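FYI, the numbering just counts along the sequence from 1. Owing to the predicted nature of the structure, the values given are computational and were not obtained by experimental measurement.
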Amino acid sequence: MLPKHQHIVRIGLIGCGPRGLATIERYRHIPCAQFVAVADLQPNRAEEAVRLLRRQEVAAEIMSSEELMHRADVDLVLVCTEWGAHAPLAVAAMEAGKDVAVEVPLANTIQKCRQILDAQSRTERRCFMLENCCYDMFHLGAAALVRQGKIGEVTHVECAYIHWLDENAAIGYHGNPYPTHGIGPMMQLLQAIDGDQMQSLVSIDAPNHINNTLITTTHGRSILLQFDETTPRPYNRLQTICGTQGFVQKYPLPTVQIGADVCLTGKEAEDYVATFVPDVYQRLIDEGKRRGVKNLMNYIMDCRLMNALLTGQAFDISTQDAALWSSLCELTARSAQHGGERVSVGL
């Protein structure tokens, strides 16, 4: 935990590729965050990060990741590297006495997920996964609507990451290598309702690196999780919630159906769901709009992270949950490689 008198979170950034540079750009809207050091295996990328910070009138030093982790003036190590390096860097940062925030997925194998949880337990440092889809405005409103019982008992949810990235698509994988954008918000919702958890899954690979996974939960619900970055389909995360008395969905068309009384689509559905967004998030949404923030999901997430670090409050996404959601990288691959064999979910 940071000292009670501290009002600035000093950040050391590891990974200055496109995501790292985008992170620097978006944090310019958050006065309580200050970058003090950057690291990257490619010197030109670290230099570009320093140039970007200099344009924001921020001075940051270039150094190795190990040096960065051991700096006395770094409060938070922020990891924006390729997926395989997330866990080793997160573990090293915590062992160096730092809190850490990691891009998604938290780790891409179960062993690495366990290593992060073990390091957190040993060091008593904090680790946060930067899953911005848990802060999608439609999701925040829909989750509140569901918790109020507006659509009855939730029986089934659907989620996905369908994003045509063409030559930048993730290929060469079995299963779902990028599950948390989809599964994170839905599992947050189910846990909030009655503590539900994933129990088992079956996963099937389709041609062109597409994956479809069906998950059963401890309370008997079903979850559809999809992944596709290679086909020219419209962007889609589904965000579908089916209840005994209603239905809420963001993609491909915002839709709200509550019995025979409410039947809305498009902007009308979005506006209706927005009325349920809790005040704690709505204040940040309004603030972000006033500041001209382009991506409000990221802004809400970043503000919530900074506030938790400065106040000592619990993170919105626990490390245990982040590890469990990320474990689907390996578990879906295991099932898919064995023809859709049922696999238990757990660490």
J.: Checking Arg126 side chain against Ala308 main chain: does a donor-acceptor pair fall under 3.5 Å?
T.: yes
J.: Are the side chains of Leu309 and Phe128 in touch, meaning some heavy atoms are under 4.5 Å apart?
T.: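 In short, these two side chains do not touch, never coming nearer than 4.5 Å.
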J.: Any side-chain donor-acceptor pair under 3.5 Å between Thr230 and Asp228?
T.: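 Side chains of Thr230 and Asp228: pair found under 3.5 Å.
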J.: Please lay out, stage by stage, how Phe276 and Val248 fare under the test side chain to side chain contact (heavy atoms under 4.5 Å, CB included).
T.: CA-CA 13 Å; Phe276 291 88; Val248 183; over 6 Å; no
J.: Do Glu95 and Arg122 come within less than 4.5 Å of each other through their side chains, counting heavy atoms only?
T.: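 Of all side-chain heavy-atom pairs linking Arg122 with Glu95, at least one is under 4.5 Å.
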J.: How far apart are the closest heavy atoms of Arg147 and Ala192, and which atoms are they?
T.: CD-CB, 4.0 Å
J.: Say you draw a straight line from OG1 of Thr155 to CZ of Phe247; how long is it, rounded to the nearest 0.5 Å?
T.: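 Spacing of OG1 (Thr155) from CZ (Phe247) equals 11.0 Å.
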J.: Which residue in the set Pro105, Cys113, Cys134 passes side chain to side chain contact (heavy atoms under 4.5 Å, CB included) when paired with Trp325?
T.: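 Testing each of Pro105, Cys113, Cys134 against Trp325, the sole residue satisfying side chain to side chain contact (heavy atoms under 4.5 Å, CB included) is Cys134.
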J.: Could you state the interatomic distance from CG (Leu238) to CD (Gln249), rounded to the nearest 0.5 Å?
T.: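 With rounding to 0.5 Å, CG (Leu238) is 6.5 Å from CD (Gln249).
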J.: Can you give me the closest heavy-atom contact between Lys112 and Ala107, atom names plus distance?
T.: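 Looking at all heavy atoms of both residues, the closest pair is CB-CB, 3.6 Å.
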J.: Could you check whether any side-chain heavy atom of Met69 comes within less than 4.5 Å of a side-chain heavy atom of Val74, counting everything from C-beta outward?
T.: no
J.: I need the minimum non-hydrogen distance between Ile11 and Ala33, along with the two atoms involved.
T.: CD1-CB, 3.9 Å
J.: Looking at Glu153, I'd like to know if its CD atom is crowded, meaning that more than 12 non-hydrogen atoms belonging to other residues, nucleotides or ligands lie closer than 6.0 Å.
T.: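 No, the 6.0 Å shell around CD holds no more than 12 heavy atoms from other groups.
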J.: Would you say that more than 12 heavy atoms from the other residues, nucleotides or ligands in this model lie under 6.0 Å from the CD of Gln111, or not?
T.: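 No, not enclosed.
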J.: Answer with yes or no whether the side chains of Asp196 and Thr217 bring together a donor and an acceptor at under 3.5 Å.
T.: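 Per modelled atom types, Thr217 and Asp196 side chains form a pair under 3.5 Å.
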J.: Where is the tightest heavy-atom contact between Leu68 and Leu13, given as atom of each residue plus distance?
T.: CD1-O, 3.6 Å
J.: Does a sphere of radius 6.0 Å around CD1 in Ile258 hold more than 12 heavy atoms from other residues, nucleotides or ligands, not counting ones at 6.0 Å or beyond?
T.: yes
J.: Working note: Glu341 + Arg334, criterion salt bridge (charged side-chain N to carboxylate O under 4.0 Å, His left out); need CA distance, chi angles, decisive distance, verdict.
T.: CA-CA 8 Å; Glu341 177 181 78; Arg334 189 183 303 172; over 6 Å; no
J.: Apply salt bridge (charged side-chain N to carboxylate O under 4.0 Å, His left out) to Asp118 and Arg114, showing your working.
T.: CA-CA 6 Å; Asp118 177 65; Arg114 290 171 177 164; over 6 Å; no
J.: Do side-chain atoms of Glu229 reach the backbone of Leu165 as a donor and acceptor pair under 3.5 angstrom?
T.: no
J.: Evaluate the criterion side chain to side chain donor-acceptor pair (under 3.5 Å) for residue pair Gln226 and Asn236; output intermediate values, then yes/no.
T.: CA-CA 10 Å; Gln226 297 184 317; Asn236 193 341; over 6 Å; no
J.: With no hydrogens and no angle check, is any side-chain donor or acceptor of Arg125 less than 3.5 Å from a backbone partner on Gly97?
T.: yes
J.: Is the shortest side-chain heavy-atom distance between Tyr173 and His209 below 4.5 Å?
T.: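 Side chain of Tyr173 against side chain of His209, heavy atoms only: no contact under 4.5 Å found.
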J.: Would a 4.5 Å heavy-atom cut-off, applied to side chains only, mark Val273 and Glu270 as touching?
T.: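 Heavy-atom side-chain distance check fails, nothing below 4.5 Å.
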J.: Could you check whether any side-chain N or O of Gln257 sits under 3.5 Å from a backbone N or O of Gly259, counting only pairs where one atom can act as donor and the other as acceptor?
T.: yes
J.: Which value, rounded to the nearest 0.5 Å, describes the distance between Leu324 atom CG and Ser318 atom OG?
T.: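 Leu324 atom CG to Ser318 atom OG measures 9.0 Å (nearest 0.5 Å).
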J.: Testing the basics here: between Asp316 and Gln188, what is the closest heavy-atom pair and its distance to 0.1 Å?
T.: O-NE2, 3.5 Å
J.: Is there a path of hydrophobic side-chain contacts, each under 4.5 Å between heavy atoms of I/L/V/M/F/W/Y residues, joining Val58 to Ile24?
T.: yes
J.: To the nearest 0.5 angstrom, please state how far the SG atom of Cys329 sits from the CD1 atom of Ile110.
T.: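 Atom-to-atom, Cys329:SG and Ile110:CD1 are 10.0 Å apart.
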J.: Under the ring pair (Phe, Tyr, Trp, His ring centres under 6.0 Å) test, which residues partner Tyr161, sequence neighbours left out?
T.: His163, Tyr178, His181
J.: Decide if atom CD of Gln197 counts as having more than 12 heavy atoms of other residues, nucleotides or ligands within a radius under 6.0 Å.
T.: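 Counting other residues, nucleotides and ligands, CD of Gln197 exceeds 12 neighbours.
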J.: Could you walk me through whether Arg26 and Asn132 pass the side chain to side chain contact (heavy atoms under 4.5 Å, CB included) check?
T.: CA-CA 13 Å; Arg26 74 177 195 252; Asn132 60 356; over 6 Å; no
J.: Let me see the working for Ile30 and Val9 under side chain to side chain contact (heavy atoms under 4.5 Å, CB included), right down to the final yes or no.
T.: CA-CA 10 Å; Ile30 303 176; Val9 177; over 6 Å; no
J.: Heavy atoms only: give me the nearest Gly15-Thr81 pair and the separation to one decimal.
T.: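 The pair with the smallest heavy-atom distance is CA-CG2, 4.0 Å.
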J.: Any side-chain heavy atom of Arg283 sitting closer than 4.5 Å to one from Asp279?
T.: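 Result yes, sub-4.5 Å side-chain heavy-atom pair found.
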J.: How long is the span from the CG atom in Leu53 to the CZ atom in Phe35, to the nearest 0.5 Å?
T.: 6.5 Å
J.: Hey, quick one: are Val202 and Leu224 part of the same hydrophobic cluster, counting side-chain heavy atoms closer than 4.5 Å, chains of contacts allowed?
T.: yes
J.: For the side chain of Arg342 and the backbone of Ser200, is there at least one donor-acceptor N/O pair under 3.5 Å apart?
T.: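 It does not hold such a pair.
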J.: Taking C-beta and beyond as the side chain, do Asp136 and Pro185 meet within less than 4.5 Å on heavy atoms?
T.: no
J.: List the steps, then state whether salt bridge (charged side-chain N to carboxylate O under 4.0 Å, His left out) holds for Arg51 with Glu48.
T.: CA-CA 5 Å; Arg51 282 194 292 271; Glu48 177 58 29; 2.9 Å; yes
J.: Distance-only, no hydrogens or angles: does the Lys98 side chain make a donor-acceptor pair with backbone N or O of Arg71 under 3.5 Å?
T.: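 Yes, because the side chain of Lys98 sits within donor-acceptor range (under 3.5 Å) of the backbone of Arg71.
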J.: When you compare the side chain of Glu103 with that of Val79, does any pair of heavy atoms fall below 4.5 Å?
T.: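 A side-chain contact is absent here, since even the closest heavy-atom pair is not under 4.5 Å.
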J.: Would you say Ile183 ends up clustered with Val104 if hydrophobic residues are merged whenever their side chains have heavy atoms under 4.5 Å apart, either directly or through other cluster members?
T.: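 Yes; Ile183 is reachable from Val104 via cluster members.
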J.: If we ignore hydrogens and angles and just use 3.5 Å, is the side chain of Asp205 paired with the main-chain N or O of Gly175 as donor and acceptor?
T.: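 Present.
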J.: For Gln148, does the CD atom have more than 12 heavy-atom neighbours from other residues, nucleotides or ligands under 6.0 Å away?
T.: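 It does: Gln148 CD has more than 12 such atoms within range.
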J.: Does the separation of the ring centres of Tyr299 and Tyr135 fall below 6.0 angstrom?
T.: no
J.: Do any N or O atoms from the side chain of Arg291 and from the backbone of His29 form a donor-acceptor pair under 3.5 angstrom?
T.: yes
J.: Verify, without hydrogens or angle tests, whether Asn208 (side chain) and Ile210 (backbone) share a donor-acceptor contact under 3.5 angstrom.
T.: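 No: the side chain of Asn208 does not pair with the backbone of Ile210.
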J.: Following the transitive rule for hydrophobic clusters with a side-chain heavy-atom cut-off under 4.5 Å over Ile, Leu, Val, Met, Phe, Trp and Tyr, establish whether Tyr281 and Met301 coincide in one cluster.
T.: yes
J.: Count I, L, V, M, F, W, Y as connected when their side-chain heavy atoms are under 4.5 Å apart, and connections chain through other members. Are Ile8 and Leu305 then in the same cluster?
T.: no
J.: Could you measure the distance from the CE atom of Met198 to the OG1 atom of Thr216? Nearest 0.5 Å is fine.
T.: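 Answer for the CE-OG1 pair, Met198 versus Thr216, is 10.5 Å.
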J.: Could you tell me if Asn211 and Ser203 have a donor-acceptor pair between their side chains, going purely by distance under 3.5 Å?
T.: yes
J.: Does the pair Asn176 and Leu328 meet the rule for a side chain to side chain contact (heavy atoms under 4.5 Å, CB included), with working shown?
T.: CA-CA 7 Å; Asn176 186 331; Leu328 296 187; 6.0 Å; no
J.: Could you tell me whether the side chain of Thr23 and the main chain of Arg19 form a donor-acceptor pair under 3.5 Å?
T.: yes
